[in-house]
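These values consider heavy atoms only, across backbone and side chains, with no hydrogens, waters or symmetry-generated copies. Per chain, numbering begins at 1; letters A, B, ... match sequence-line order.
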Number of protein chains: 2
Amino acid sequence: MTDRPATNPSKAHAIVTEVRRRIVEREWRQGDRIPDEVELAVEFGVARATVNKALQLLAEEGLLDRKRRAGTHVTVNPARKATLTIPIVREQIEGAGMAYSHRIIAQKHGPAPADIASRMAEAEGTMMIHLRTVHYGDDKPFQVEDRWINPKAAPGAEHVDFQRINPNEWLVRNFPWLRGDIAFSAENADARDARLLETRQGTALLILQRTTWNDQGAITSVRLAFHPGYSMVASP
Amino acid sequence: MTDRPATNPSKAHAIVTEVRRRIVEREWRQGDRIPDEVELAVEFGVARATVNKALQLLAEEGLLDRKRRAGTHVTVNPARKATLTIPIVREQIEGAGMAYSHRIIAQKHGPAPADIASRMAEAEGTMMIHLRTVHYGDDKPFQVEDRWINPKAAPGAEHVDFQRINPNEWLVRNFPWLRGDIAFSAENADARDARLLETRQGTALLILQRTTWNDQGAITSVRLAFHPGYSMVASP
DNA sequence: ATGCTGATTAAGTTTAGACATAGAACGAAG
DNA sequence: CTTCGTTCTATGTCTAAACTTAATCAGCAT
């Protein structure tokens with residue numbers, strides 16, 4: 001059961017809550033045009049800017065549609081949004097009260113295969129660093145990481161001792177990104193996944209595939225395979 | 001490859017972009033304290049409120065940490081956020097250029113089993129509506145939906161013809177929610193999943209489990225199993 | 001050293017007012 | 001009836017100023 005953040009006592013937040021209530025209790029129904037900012041400002045006894053802030057929050061949430069001149073309407077088929085927080089693996093494991101450790105299974109320097117290169121918008125065969133890492137919580141495998149790092153966008157990676165600091169953490173600390181692609185899927189564990197995650201081949205695994213970019217190009221592309229049964233929670 | 005929304009020409013957005021650049025190009029490094037709002041307002045030639053808006057956006061994004069009196073710092077281990085948009089299935093399928101159809105496999109009124117009841121914070125055995133639906137795109141199974149609806153929070157569900165309007169759409173249109181829980185996981189298809197999705201038992205499936213609530217309690221709890229190979233994309 | 005207290009500071013929020021602009025509505029011309 | 005300007009309006013954005021508040025810091029007392 002998720003609880004609403006924490007009661008923010010601001011006037012804008014009170015308006016958000018009240019408008020949400022009117023929508024949920026169907027005082028204002030889907031498609032209805034709601035009073036304009038000036039009217040609401042009068043009703044709530046606040047400045048227009050405050051109403052504007054509140055309604056913009058609700059529009060972001062997907063509950064309202066706002067258009068200049070046309071006014072603000074209750075969204076007809078709200079496609080609601082959920083936010084996923086993707087923390088550093090170590091913090092995620094430690095946050096769950098487990099002891100973190102990791103092992104580098106393989107590390108080499110070599111040409112990127114076609115699929116990786118295309119995902120990273122680099123020429124096939126571009127030299128990159130390839131790493132396979134397992135992250136453990138209380139010595140049980142938590143996540144298998146298969147990562148390609150582009151030295152062009154992340155210089156210095158060649159000389160890092162990834163036994164000391166895991167690749168995820170080193171990159172997060174040293175290469176903030178401008179944009180990234182993230183996708184989730186499910187895959188049956190292949191022989192290697194199964195061995196590293198200490199499970200049986202064919203077990204369903206949650207897979208997260210992510211590529212991040214900075215001004216120099218793609219920094220890294222990674223495939224994360226979580227241990228069987230892992231569930232990723234999103235907050236609405 | 002994801003592109004940044006659309007260039008918003010506002011001053012606040014220009015500041016967001018510039019601050020992001022300074023962080024990405026490591027002019028400002030992790031842990032650094034950045035100039036305060038007044039200084040930045042002078043530097044950029046705008047009002048403090050405009051700087052405030054920009055920095056709040058970056059704080060939400062996870063790139064900055066802001067504390068009263070302590071100032072604004074570049075986040076040390078940024079746990080970046082990704083947003084998932086969860087549209088109506090029909091719109092998702094039609095948006096992909098396929099023809100939408102659905103089939104109700106089972107519909108009955110009965111007592112909720114323990115796990116569902118607890119997820120919905122209702123007493124075990126509470127009478128609910130149980131539905132199993134398959135959603136198709138171009139007559140290929142896209143998603144299997146296993147849903148429990150709580151008539152207490154969603155009155156009227158007993159008399160709806162779900163062959164005409166699918167349960168997802170009817171609920172979204174009639175019962176906006178206040179909060180919800182969403183979780184992703186991977187499961188091996190059981191015999192029923194496999195049959196409905198026209199795949200082999202054991203195939204890895206992406207599972208989305210969601211429960212939504214309004215002021216009357218839990219509206220509905222649903223398990224969505226996507227077709228094999230489905231990938232859900234998040235936007236950062 | 002340790003703990004308390006009050007001053008100070010930077011962010012948080014709100015306000016009133018102004019101007020910009022998308023786009024709906026309307027009317028004139030074809 | 002359609003098309004093309006024009007007008008008008010609700011939202012978008014910004015400003016300058018004020019007040020609020022969390023939290024740090026320094027000074028004082030223990």
Would one find a side-chain N or O of [X] under 4.0 angstrom from OP1 or OP2 of [N]?
{"X": "A/Thr50", "N": "C/dT13", "value": "no"}
{"X": "B/Gln56", "N": "C/dA11", "value": "no"}
{"X": "B/Lys11", "N": "D/dT15", "value": "yes"}

[X] [atom1] - [N] [atom2] separation (whole Å):
{"X": "B/Glu60", "N": "C/dA11", "atom1": "CD", "atom2": "P", "answer": "17 Å"}
{"X": "A/Arg33", "N": "D/dT9", "atom1": "CZ", "atom2": "P", "answer": "11 Å"}
{"X": "B/His13", "N": "D/dC14", "atom1": "NE2", "atom2": "P", "answer": "11 Å"}
{"X": "A/Leu58", "N": "D/dT11", "atom1": "CG", "atom2": "P", "answer": "13 Å"}
{"X": "B/Leu57", "N": "D/dC14", "atom1": "CG", "atom2": "P", "answer": "11 Å"}
{"X": "B/Leu64", "N": "C/dA10", "atom1": "CG", "atom2": "C1'", "answer": "14 Å"}
{"X": "B/Arg66", "N": "D/dT24", "atom1": "CZ", "atom2": "P", "answer": "15 Å"}
{"X": "A/Asp65", "N": "D/dA10", "atom1": "CG", "atom2": "C1'", "answer": "15 Å"}

- Sugar-phosphate only, base, or nothing, as touched by A/Val38 at under 4.0 Å among non-hydrogen atoms: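 Since no nucleic acid heavy atom lies under 4.0 Å of A/Val38, the category is nothing.
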I'd like a table of atom pairs between the protein and nucleotides 19-25 of chain C - only N or O on both sides, under 3.5 Å - with the distance next to each one.
unit_1	atom_1	unit_2	atom_2	d
C/dT21	O2	A/Arg68	NE	3.1

Assuming nearest nucleotide by heavy-atom distance, tell me which of B/Thr72 and A/Val46 is located more 5' along DNA chain C.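 Its nucleotide being nearer the 5' end, the pick is B/Thr72.
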Side-chain donor-acceptor pair present, [X], [Y], cut-off under 3.5 Å:
{"X": "A/Asn166", "Y": "A/Tyr100", "value": "yes"}
{"X": "A/Glu122", "Y": "A/Asn150", "value": "yes"}
{"X": "A/Gln143", "Y": "A/His227", "value": "no"}
{"X": "B/Tyr136", "Y": "B/His102", "value": "no"}

Out of [options], which has the shortest distance to the side chain of [X]?
{"X": "B/Asn52", "options": "D/dG12, C/dG12, D/dT15", "result": "C/dG12"}
{"X": "A/Ala49", "options": "C/dT15, D/dT15, C/dA10", "result": "C/dT15"}
{"X": "B/Ser10", "options": "C/dG12, D/dT13, C/dT13", "result": "D/dT13"}

Roughly how far, to the nearest 0.5 Å, is CG of A/Leu63 from CZ of A/Arg22?
->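 It is 13.5 Å, given to the nearest 0.5 Å.
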(message) If you count every heavy atom of other residues, nucleotides or ligands that lies below 6.0 Å from A/Arg103 atom CZ, does the total exceed 12?
(response)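 Incorrect, the count does not exceed 12.
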B/Ser221 and B/Thr211: CA distance, side-chain angles, deciding distance, side chain to side chain donor-acceptor pair (under 3.5 Å) verdict: CA-CA 4 Å; B/Ser221 185; B/Thr211 307; 3.1 Å; yes
